[in-house]
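Please read these numbers as outputs of a predicted model, since none were measured by experiment. To find a chain, count down the sequence lines: A is the first, B the second, and so on, and within it residues start at 1. Side-chain atoms are counted along with the backbone in the values below, which use heavy atoms only and exclude waters and symmetry mates.
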There are 4 protein chains.
Amino acid sequence: MGRLPRKKADIERAALELFVDQGVDGTSVRDISTRSGVTEGALYRHHKTKDDLVRALFARHYAEFAELVAELRKKKLPIDEFIAELVMTFYAYYDEDPYIFHFVMLVRHKLLEEVRADEHNPVELLSRILKRAERNKEIPKQNTAITTQLLLGMVMQVPIGCYYGRIKKPLVKHAERVTQACLAVMHGGG
Amino acid sequence: MGRLPRKKADIERAALELFVDQGVDGTSVRDISTRSGVTEGALYRHHKTKDDLVRALFARHYAEFAELVAELRKKKLPIDEFIAELVMTFYAYYDEDPYIFHFVMLVRHKLLEEVRADEHNPVELLSRILKRAERNKEIPKQNTAITTQLLLGMVMQVPIGCYYGRIKKPLVKHAERVTQACLAVMHGGG
Amino acid sequence: MGRLPRKKADIERAALELFVDQGVDGTSVRDISTRSGVTEGALYRHHKTKDDLVRALFARHYAEFAELVAELRKKKLPIDEFIAELVMTFYAYYDEDPYIFHFVMLVRHKLLEEVRADEHNPVELLSRILKRAERNKEIPKQNTAITTQLLLGMVMQVPIGCYYGRIKKPLVKHAERVTQACLAVMHGGG
Amino acid sequence: MGRLPRKKADIERAALELFVDQGVDGTSVRDISTRSGVTEGALYRHHKTKDDLVRALFARHYAEFAELVAELRKKKLPIDEFIAELVMTFYAYYDEDPYIFHFVMLVRHKLLEEVRADEHNPVELLSRILKRAERNKEIPKQNTAITTQLLLGMVMQVPIGCYYGRIKKPLVKHAERVTQACLAVMHGGG
DNA sequence: AATGAATGAGATTTCATTCAT
DNA sequence: AATGAATGAAATCTCATTCAT
């Protein structure tokens, strides 16, 4: 066997962090190689292009998160509990590694189209959950498309506020407040 | 007799749209010249550098919006009405030209630091408004930093949902629902 | 207007000569820029890629030559005179600028497929001419596909021998001998 | 018990074919490893460098062919018979493995200088044979340098036509016609 | 012998900016 | 004001070769 690909992880971690801190276009392959202590060429053994690296990171972490959500769905919880657990799961995930969250946020504009139709897409998923809750009379009749965006906006903005130092870590401490807000919006109707 | 500097406007419009669609770093001066039908050199007649063009666009549109907000503040409305009008103003602004809205969102990370202390900074502004409302007992005691992010998240996410076709235009039609959600969150305490 | 593209010709000439002397793959863009006294980037204003430069040079010179042949065809000469003039035209062309000839020879493997079906393709053309001569009883019945290759081989090999110093310039001095050989092969039948 | 060094053969065969199809510079070590199903590093177990591989292939196959020609010379045949046998030998060689033929043609420019003085060099050889035939009055007085190129051109062009599908395999079937043409050119004088 | 990750030098290409026209 | 060729620096990517396993 050849050498173990010990530096692959270093490259990917450096890339992830730099992408978050400087943007994808703002990060050169040289930046990545400098930060990871690996030569530029090494990146290309593991990923065909820089763009491929971005896609691979996105796909991996997006899949990871989708897995968490899928597990949660299997429990068939009532809507309120589902939201509570979703927020908690999400924020625990964030607390463990904020970079992953911010990276996924950062590139989803470019790459999400590729998984748009995917039912693991969190937006799509939340939308379906809300529609079903509406049918089940768990929540009042409403424009669920809007509600989806409202909940999403709340849940996702708090980590962003955290990144900018406006919200204190750890996020899980705020999960209850956010959940409460979500329930208020959901049940408020419209 | 001086005719309008139409080319300048063409350049700036092309730049604005490309920046939104491809990102700032993802848009070359050549892209701008191609889309605007003006040569590359011409850009430098009107803006010292590409970065200057970005800043000029941001400053102009951000100032425009800040002006709207400033007018609103002068009215010294009760918190609920202020939120209602803010959302409405914001969404009317979006409906008039979504590109401007998305552009401002896009570059605020990079450029807002320069105006961070600015009280027109929407985050800062909303934060202050909420703190005062809390002091005035208009809303219950709460972690206003969190509430700020929650409201912001809701208000800003809806236009994004619109960009991706999940929400129907015009946005002003959804202003009431969003306002209602904001009030519920604000008054819900936590 | 902008600067005149004065250096475009320099770049193309340098490229042509280097391609012949070192091969296409053996010639770097830096080589071209050094020899032409122009920066590397300049090449990319006039040609999208290095490969495009190769194609442009080939297309231009191939077309030039095809034009010569087309003119010749219009004269509707008897086969012997046609061959005589073709060889003479070809060698005069070579004497004027040997690099062009060698360049076209060099890259035809890669690029000729794009013009394979083209009736301006000299191989195709010669083949047709021979078939018609056969039908007109100007030459005896034979495998014209083979004869085409035989004539082609003779006519093209002499310039190559010239390149390696085995044949003295100018080539036109040898046109008669080559013509004579062609006629012998053509009329020899088989 | 030593099993055959099959991998070495696989590498060399893959290299040979790729060199012909894509050129030497146009073929990377990685291409060779992919096509041969052997890893990149393995190549360096058998050949010091890529260039060494090229030289080894050339030397081996050139030597093979030179051997054939040497045998032929020993027979001291009259010029006409010599040409006939040379063409036949050459084409049988081609029919057995066209890739070898094309490879030798491809790299002879670069590598033949090392064997330029070599009397097995086909150009040199043919040239000497013709000069001697001229001295022996087997053929009329002529510019043998030109005649050499003419014969060479014919003999070599037919395999090329075969490569492009203009001539049908096997080549040995065309040997007689080519020989006949060679004799006509040789004896035609000039 | 074999593997394939990693290196390091260099190739091609991009691009904001300058400048002769 | 405008043009677009040219620059120069830096970006992305390639690739023969080495080396730890």
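- For the residue pair E12(C) and H46(C), no side-chain donor N or O sits within less than 3.5 Å of a side-chain acceptor on the partner.
- Here dA1(E) presents its P atom at 15 Å from CG of D10(D), a figure rounded to the nearest Å.
- Among the nucleotides dT17(F), dC15(F), dT13(E), the one closest to any side-chain atom of T49(D) is dT17(F).
- Distance from the side chain of K50(B) is smallest for dA16(E) among the nucleotides dA16(F), dT7(F), dA16(E).
- Note on K48(C): every side-chain N or O is 4.0 Å or more away from OP1 and OP2 of dT12(E).
- One interatomic measurement links the two molecules: CG of D31(C) to P of dA11(E), which rounds to 7 Å at whole-angstrom precision.
- Regarding R30(B), its CZ atom lies at a distance of 10 Å from the C1' atom of dG4(F), rounded to whole Å.
- Judged by distance alone, the side chains of H109(A) and Y163(B) never bring a donor and an acceptor atom under 3.5 Å apart.
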| said: Before you tell me yes or no, could you show the steps for F101(D) and H61(D) under ring pair (Phe, Tyr, Trp, His ring centres under 6.0 Å), namely the whole-Å CA-CA distance, both residues' side-chain angles and the distance that decides it to 0.1 Å? | reply: CA-CA 8 Å; F101(D) 172 84; H61(D) 296 303; over 10 Å; no
| field | Evaluation steps, ring pair (Phe, Tyr, Trp, His ring centres under 6.0 Å), between F103(B) and Y99(B) | value | CA-CA 6 Å; F103(B) 172 73; Y99(B) 272 108; over 10 Å; no
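- Using Watson-Crick or G-U wobble geometry with both donor-acceptor distances under 3.5 Å, dA1(F) finds no partner in any strand shown.
- In this structure, H47(C) places its NE2 atom 17 Å from C1' of dT14(E), rounding to the nearest Å.
- Distances were taken from every side-chain heavy atom of H46(C) (C-beta onward) to each of dA5(E), dA5(F), dC15(E); the shortest belongs to dA5(F).
- Residue whose closest nucleotide on DNA chain F sits further toward the 5' end, between G37(B) and E40(A): G37(B).
- Relative ring orientation between F65(C) and Y93(C) is described as tilted, the plane-to-plane angle lying within the 30° to 60° band.
- With respect to the salt-bridge test (charged N to carboxylate O, under 4.0 angstrom), the residues K110(B) and D51(B) do not qualify.
- Distance from the side chain of R45(A) is smallest for dA6(E) among the nucleotides dT12(E), dC13(F), dA6(E).
- Closest-nucleotide positions on DNA chain F for R6(A) and T27(D) were compared, and the one nearer the 5' end corresponds to T27(D).
- Between the C1' atom of dG10(E) and the CG atom of D25(D) lies a distance of 14 Å, rounded to the nearest Å.
- The separation between K7(C) atom NZ and dT21(E) atom P is 11 Å, rounded to whole Å.
- Atom C1' of nucleotide dT13(E) and atom CG of L53(C) are separated by 14 Å, given to the nearest angstrom.
- Between D51(B) and T39(D), the residue anchored nearer the 5' end of DNA chain E, judged by the nucleotide with its closest heavy atom, is T39(D).
- The phosphate of dA2(E) (OP1 or OP2) has no side-chain N or O of K8(D) nearer than 4.0 angstrom.
- Heavy-atom distances to DNA chain E give each of Y44(B) and G41(D) a nearest nucleotide, and the one nearer the 5′ end belongs to G41(D).
- When the nucleotides dT17(F), dA6(E), dT12(F) are ranked by their closest atom to the side chain of V29(D), dT17(F) comes out on top.
- Between the P atom of dT12(F) and the CD1 atom of I32(A) lies a distance of 8 Å, rounded to the nearest Å.
- Looking at heavy-atom distances under 4.0 Å, S33(C) makes no contact with the nucleic acid at all.
- Across all strands shown, dT14(E) pairs with dA9(F); the Watson-Crick or G-U wobble distances both stay below 3.5 Å.
- Here S36(C) lies out of heavy-atom contact (under 4.0 Å) with every strand.
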